[in-house]
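To keep things clear, I will list the structure first and then write my remarks on it.
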Amino acid sequence: MAKKPKGSWKALGSRNRQVCSAHPERLYMYDNSTHQGLEKKITKRALDIQPFIVMDVMEKALELQKQGHHVVHLEIGEPDLPTPQCICKSGCLAMEKGYTHYTHSLGILELRQAICNHYQEKYGVEVTPDQVLVTSGTSPALLLIFSALLETGDQIIMSDPHYPCYPNYVNFLGAEPVFIKVYEEEGFQLDPDEIRRHLSPKVKAILINSPSNPTGTLLSPEKMKAIARLGVPVISDEIYHGLVYGEKEHSILEFTKDAFVLNGFSKLYAMTGWRLGYVIAPHAFVRPLQKMQQNFIISASSISQWAAITALKEAHEDVRRMWNTYNERRKYMVSRLKDLGFGLATEPQGAFYVFANAKHLSSKSYELAFEILEKAHVGVAPGIDFGENGEGYLRFSYANSLENIREGLDRIENYLRQR
Ligand SMILES: Cc1ncc(COP(=O)(O)O)c(C=O)c1O
């Protein structure tokens, strides 16, 4: 069993979990079975991995559904829309043609070239196919980049709130996440001066995610430029690029070449199940990243790679259609949440999330999310899942039909009236 960090701990939710008052963002599993027998041999590294709290909500929602209740899912961070037809057809064609084997470990050259063309056309930046590594989703790309950049004891700066998996990768590698709090009143913008105050020789990278999960915030180009000038490599998770509804998004490569871009097909092309992402890295890092890929993963799925070429070259109309759909839902959700009394100091400009202030209802987002689920039968993600500074917020996903969103928010309205 992993050694329990110091602090005062209390049970949380219905599962075998505890939360520390000093670190409410850190959950601790206390599954008794891990005290006995073979389980004792499980590494601390494996045991220390924190669960996704939103999965608790989903699992509870499924339980309710099994009991015959209808639940509206606003907790899920996955497109509800189908993968566009042209992409699916291209995947089928790849199978028919027998493109069903390993590929070059960096990825199919045509795809890497298409990624370079995309970055050239959209951001005006020059990248070459030998800087691109295609991976089985953005998630393994994160692991490869962190492994190439962080030694044990090193630090990496990221915002709080943040995508919940980020610190888990870092801790897994024996490195340390350093959290910079971002605030609703400031549009959840990372402050370069605040980052500067946290810099030390131990800090090996700064991680940014714009538009962000969970806040939907878009970093201003001025802030990105200032972060790029801090003299520390920047890892930019650009997975929600294309899903922006106001100002244009920027790639970190517009501001510095000392950067790692992470991107993928899961969100913009509704391809979560195809498991495809990529890294654009400075030349010096490509060979080490490639060697890790060769050993640990071999190559990304060939079929998905052929389909992704079609996504980049032919799916513009489909992307436009999905964008319109999300934008319509976003506007509806924002206005309804405001009417329901949730705090939204700045409107989300990207991704498919609204991170709403629910502190007037409860300071404990985990309990509140479960209360809403059990009483109103609507799943929402508790802010605490995204870091200590996310406490008191709820993340509402609009990756669901307008009809379902309307129904979910109606239920919440009724529930709040009675509460
Ligand atoms: C910010 C962010 N980065 C990365 C990922 C992982 O995406 P993928 O499906 O490409 O592994 C997600 C998924 O939710 C995400 O929200």
Side-chain angles (χ1 to χ4, degrees), residues 50-55 57-58 73-81 83 87 107 111 115 132-146 156 158-170 172 177 179 182 188 190 205-219 234-244 249 251-252 260-280 293 296-297 300-301 304-305 307-308 311-312 326 348-355 379 381 383 385-387 390 395-400:
Q50 300 296 303
F52 238 146
I53 305 180
V54 71
M55 297 308 286
V57 178
M58 244 169 77
H73 292 274
L74 302 182
E75 78 278 23
I76 298 174
E78 170 172 26
D80 59 311
L81 304 167
T83 305
I87 302 175
L111 175 57
I115 290 167
V132 180
L133 172 81
V134 180
T135 52
S136 310
T138 310
S139 307
L142 278 161
L143 187 60
L144 297 188
I145 291 185
F146 291 152
I156 174 168
M158 62 184 73
S159 68
D160 178 4
H162 49 73
Y163 173 51
C165 301
Y166 291 152
N168 288 337
Y169 288 100
V170 175
F172 188 77
F179 300 114
V182 291
F188 294 110
L190 257 175
I206 300 163
L207 175 59
I208 60 172
N209 172 217
S210 164
S212 141
N213 176 6
T215 62
T217 203
L218 193 65
L219 263 181
V234 183
I235 302 171
S236 177
D237 183 345
E238 303 185 353
I239 192 166
Y240 290 102
H241 275 215
L243 295 174
V244 297
E249 72 277 48
S251 171
I252 192 65
F260 298 79
V261 162
L262 279 161
N263 207 331
F265 295 84
S266 287
K267 313 290 177 176
L268 186 61
Y269 300 100
M271 288 175 72
T272 41
W274 297 72
R275 307 309 302 129
L276 206 69
Y278 56 89
V279 178
I280 303 173
Q293 166 111 315
F296 307 150
I297 301 163
S301 149
S304 301
Q305 290 188 59
L312 286 170
Y326 288 131
Q349 298 163 60
F352 33 64
Y353 309 111
V354 182
F355 203 58
D385 205 6
F386 306 94
R395 190 195 72 176
F396 295 81
S397 162
Y398 46 92
N400 203 337

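Note that ligands are numbered from 1 as they come in the structure, with each ligand's atoms numbered from 1 the same way. If you're wondering where the values come from, they're calculated on a predicted model, not measured in any experiment. Heavy atoms only: backbone and side chains are in, while hydrogens, waters and symmetry mates are out.
- With L144 as the partner, the side chain to side chain contact (heavy atoms under 4.5 Å, CB included) test is satisfied by one option alone out of V279, L133, L262: L133.
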field: Worked check of side-chain contact (heavy atoms from CB on, under 4.5 Å) between T138 and N263
entry: CA-CA 6 Å; T138 310; N263 207 331; 5.9 Å; no
query: Hey, mind stepping through I252 and E238 against side-chain contact (heavy atoms from CB on, under 4.5 Å) and telling me if it holds?
result: CA-CA 9 Å; I252 192 65; E238 303 185 353; 3.8 Å; yes
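- Taking the centre of each ring, Y240 and Y353 come in below the 6.0 Å mark.
- The aromatic rings of Y166 and H162 lie tilted to each other, with the angle between the two planes from 30° to 60°.
- Protein neighbours of ligand 1 below 4.0 Å, counting non-hydrogen atoms: G137, T138, S139, Y163, Y166, N209, N213, D237, I239, Y240, S266, K267, R275.
- For the residue pair Q293/T135, the side-chain donor-acceptor check at 3.5 Å is not satisfied.
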